[in-house]
Amino acid sequence: MTRHVVIVGAGPAGLAAAASALRAGARVTLLDTAERPGGQYHRMLPDAYRAERNGRLHHGWARFDRLRRHVLGHPRCAWWPESAVWSLERSDPGDPAPPLVHVLRGPADGAGRDRLVLRPDALVLAPGAHDRVLPFPGWDLPGVYTAGAAQALAKGERVVVGDRVVIGGAGPFLLPVAASLIEAGSAVLAVLEANPARTVARGWGRRPWELAPQAGKAGELAEYAALLARHRVPYRTGRAVVEARGDGRVEEVVTARLRADWSVLPGTERVVAVDAACVSHGFSPQLELPAAAGCALRDTASGPFTEVDGDQLTSVPGVYAAGEITGIAGAPAARAEGLLAGWLAAGGAPAAPELRPLRRARDRARAFAGRLAAAHPIGAGWPGWLRADTVVCRCEETDFGTLCRAADDRAGGAARAVKLGTRAGLGPCQARICGPTVAELLRRRAAGAPGRPAEGLAPATPHHRPIAQPIRLGELARPPRDPHEKENTP
Amino acid sequence: MSPRIVPASSDAARRRDTPLQITVDGAAVAGVEGQTVAGVLLAAGRRSWRAGPSGAPRGVFCGIGACFDCLVTVNGERDVRACRRRAVDGDAVSTQSRAGTGEPR
Ligand SMILES: Cc1cc2nc3c(=O)[nH]c(=O)nc-3n(C[C@H](O)[C@H](O)[C@H](O)COP(=O)(O)OP(=O)(O)OC[C@H]3O[C@@H](n4cnc5c(N)ncnc54)[C@H](O)[C@@H]3O)c2cc1C
Ligand code: FES
């Protein structure tokens, strides 16, 4: 019987997985909350823009366009746009079937969406990541955006966030964001990499042969660097946005030189007038779905990721993972992982000769991820940027002072108690944004007494959100429909 | 200056826009078919439209549906992420505030 592979996410990883699973003979359901495939990297303009040259805004467009047409037009592929996977239902212990996939299909957060359930033979999770942004005074002012937001708005709907923009944080991702804003006509005043040149060079310079296979990526970055130079946009290392100020919106940012550990070098502060600031200190993988499926996570210096074996298989039978949820390594790496995951999820032979180059590409991609992390780490000194009244949890407006007091309280300093006491992480975003920050602040405060338990409370499991995407009560009340059962019963 | 949309006439992507109109708290706001509700609001020069528990202004932060800063009510449905919802001609959008409600949401 033809295997049914469900793929969550149609970014570089998910789209590659779909192509590969189709090639191995499977029937594929590819779904994404977005209306169009491409994910964050190849975020397409809406159909309604009737753009003749969407490719002008992208790298590797021709290849993506061919892949997208091939996959979406394939007779064995069902493409489900505007489809949010809101829950994964684990099978009974001992049952090797992968979890059931619960889907809401329709306009984002709409009340009348179609509720469906899929019973795959194998599942590929490829939901990607979102920006990780560390707090600093004023980061909650309107006009301060994640770098990803500026990128998504510019690439995805041609909206530019401002005319005088400072971009800051860590990682090579700051460069394409600068390029998009320049292309869209903004004045980018500076791109600030918080790590000193020494750290960046050491990370990238070690084992340079690992970079060669990522030549596409290196070439892309070189192009951005040339664009910055042409527009006289300074790229500074060892400097960061440490404060945003303004009355109801950002009007100026304070930048400062940082030491290697990201503590501020006093006296190096500079005030820059801006109408927008874009910050990103790295990426947080979207771990709700792997957590819901029960997949083991792997702890790294840059936080937890989904653990996979050499076949991209997670710890749960039939559940594969690909792309940024297994490690942050960019689009080519996501693609390589997707190709492997899709083939194997479809039941393709693990020893097939054509897998050899794919495995090699994937291994190089993993090495690349390691270098990326080494070249652009988050320095330990960032909490020094915070003041007592600096908001840490944007939703609940819990400030740094309140968090510190709760953490130091001997009775309730455990993560879960602090969360309940201060409400940090209990707002609408469910700790997606502040979760890693709060966890790290608490870990540090508790350095003397690690893992102090709070009696009667389960430990905090930051990625476990039983509901991965919002669902309304009315929708929950309706029984889900199995689209394939419907097909079979005339 | 403020956020804006790249004019179709100078866009390298060569768009052919179709105008649309929504209302925001009753006032008409012009946009373009295909924009998200957040895109319409930003392009109209608005940076914030929601108020947090203290009344602090919120608009777009993450842009991709992760932060929930941008929530609005669309045609009576509360808590719609403006950065993810496509605007439809005639949509009645109203802004939300948690200030002074004391509600632990
Ligand atoms: C906002 C943003 C912009 C970025 N822009 C760039 C860029 O311009 N250049 C660059 O080199 N890198 C960019 N990146 C980095 C980017 O993450 C990788 O380059 C690459 O896109 C990762 O591929 P992926 O397939 O793992 O994930 P993604 O491309 O993120 O694709 C994941 C897809 O899964 C979907 N999804 C997630 N959860 C669900 C769910 N529950 N149900 C249904 N669908 C779901 C998402 O809608 C998304 O389309 C960006 C990252 C972010 C967060
Ligand atoms: S801006 Fe973050 S959810 Fe909309």
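No hydrogens, no waters, no symmetry mates; every other heavy atom, side chains included, goes into these values. Each chain gets a letter, A, B and so on, in the order the sequences are listed, and its residues count up from 1. Source: prediction; values computed, not measured.
Chain B forms the most heavy-atom pairs under 4.5 Å with one residue out of Val133(A), Asp47(A), Asp140(A), and that residue is Asp140(A). With chain B as the partner, the residue from Ala149(A), Ser186(A), Gly143(A) showing the most heavy-atom pairs under 4.5 Å is Ala149(A). Per-residue counts of heavy-atom pairs under 4.5 Å with chain B were compared for Gln286(A), His130(A), Arg472(A), Arg164(A); the largest is that of Arg472(A). Interface remark: of the candidates Ser284(A), Gly110(A), Gly55(A), Gly110(A) forms the most heavy-atom pairs closer than 4.5 Å to chain B. Here Thr33(A) is the residue among Leu45(A), Val250(A), Thr33(A), Asn54(A) with the most heavy-atom pairs under 4.5 Å with chain B. Of the listed residues Gly59(B), Pro57(B), Cys83(B), Ser10(B), the one with more heavy-atom pairs under 4.5 angstrom with chain A than any other is Pro57(B). Most heavy-atom pairs under 4.5 Å with chain A: of the set Cys62(B), Gly52(B), Ala43(B), Gly63(B), this distinction falls to Cys62(B). Each of Gln151(A), Glu183(A), Gln469(A) has some count of heavy-atom pairs under 4.5 Å with chain B, and the biggest count is that of Gln469(A).
Ala129(A) approaches Ile64(B) most closely through the heavy-atom pair O-CD1, 3.9 Å. Residues Ala108(A) and Val80(B) approach most closely at O-CG1, 3.8 Å, considering heavy atoms. Taking every heavy atom of both residues into account, Arg85(B) and Pro107(A) meet most closely at NE-CB, 3.7 Å. Across every non-hydrogen atom of Glu397(A) and Gly55(B), the tightest pair is OE2-N, 4.4 Å. Residue Glu77(B) comes nearest to Ala111(A) through the heavy atom pair OE1-N, 3.2 Å, listed as atom of the first residue, atom of the second, then distance. Contact record, Gly39(B) with Val159(A): O-CG2, 4.0 Å, taken as the closest heavy-atom pair.
Residue contact with chain B, scored on non-hydrogen atoms closer than 4.5 Å, involves the side chain of Gln40(A) exclusively. Contact annotation for Ala184(A): both backbone and side-chain heavy atoms come within less than 4.5 Å of a heavy atom of chain B. Using a 4.5 Å cut-off between heavy atoms, Val161(A) contacts chain B through its backbone alone, with no side-chain atom that close.
Applying the side chain to side chain donor-acceptor pair (under 3.5 Å) definition to pairs two or more places apart or across chains, those involving residues 32-41 of chain B are Glu157(A)-Thr36(B).
The CZ atom of Arg58(B) sits 8.0 Å away from the SG atom of Cys395(A) when rounded to the nearest 0.5 Å. Rounded to the nearest 0.5 angstrom, Ser48(B) OG and Leu141(A) CG are separated by 10.0 Å.
Without hydrogens or angle criteria, Arg432(A) side chain to Cys67(B) main chain gives no donor-acceptor distance under 3.5 Å.
Contact annotation for residues 12-20 of chain B against chain A (heavy-atom separation below 4.5 Å, listed by residue number): Ala12(B), Ala13(B), Arg14(B), Arg15(B), Arg16(B), Asp17(B), Thr18(B).
Tyr145(A) places a side-chain heavy atom less than 4.5 Å from the side chain of Leu42(B). Ile433(A) is listed as a side-chain neighbour of Phe61(B), based on a closest heavy-atom distance under 4.5 Å. With a 4.5 Å cut-off on side-chain heavy atoms, Arg46(B) and Pro142(A) do not count as touching.
Within a 6.0 Å radius of CG in Asp389(A), more than 12 heavy atoms belonging to other residues, nucleotides or ligands are found.
Residues Arg84(B) and Asp109(A) are not paired through a salt bridge, judged by the lack of any N-O separation under 4.0 Å between the basic side chain and the carboxylate.
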**Message:** Under the criterion salt bridge (Lys or Arg N to Asp or Glu O under 4.0 Å), I'd like the reasoning laid out for Arg56(A) against Asp11(B): C-alpha separation, chi angles, the key distance, then a yes or no.
**Reply:** CA-CA 10 Å; Arg56(A) 290 288 290 273; Asp11(B) 194 333; over 6 Å; no
